[in-house]
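Some notes on the structure that comes next.
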Amino acid sequence: MSLHVVPVDDLIDHPTTEDCVCGPRSQPVKQDDGSVRWLIVHHALDGREQHEPDRA
């Protein structure tokens, strides 16, 4: 099972699949019960990420 994070009001509608044209990144997230779920983070195509502060 996976959870998708998609940008709101972007230039395209992002399908909740890993083969989206935005090239989403995937990362495993370990759950309290020991299972692993995948977090799929989609990238905005309107350039907004270039103007947001880096939170890494």
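Below, all heavy atoms of this structure are taken into account, side chains as well, without hydrogens, waters or symmetry copies. Source: prediction; values computed, not measured.
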Could I get the full list of side-chain contact (heavy atoms from CB on, under 4.5 Å) partners for L39, not counting sequence neighbours? L3, V5, Q27, V29, V41

Would you say the side chain of V21 lies within less than 4.5 Å of the side chain of L45, judging by non-hydrogen atoms? yes

Which residues pass the side-chain contact (heavy atoms from CB on, under 4.5 Å) test with T17, sequence neighbours left out? P15, D19

Using the test side-chain contact (heavy atoms from CB on, under 4.5 Å), find all partners of D33 that sit at least two apart in sequence or belong to another chain. Q31, S35

Pair listing, salt bridge (charged side-chain N to carboxylate O under 4.0 Å, His left out) test, anchored in residues 9-18, at least two apart: D10-R48

Out of curiosity, R37 CZ to I40 CD1, how far, rounded to the nearest 0.5 Å? 11.0 Å

Qualifying ring pair (Phe, Tyr, Trp, His ring centres under 6.0 Å) pairs, either residue in residues 5-26, two or more places apart: H14-H42

Whichever hydrophobic residues join V6 through chains of side-chain contacts under 4.5 Å: none

Residue pairs fulfilling salt bridge (charged side-chain N to carboxylate O under 4.0 Å, His left out) with at least one residue in residues 23-32, sequence neighbours excluded: none

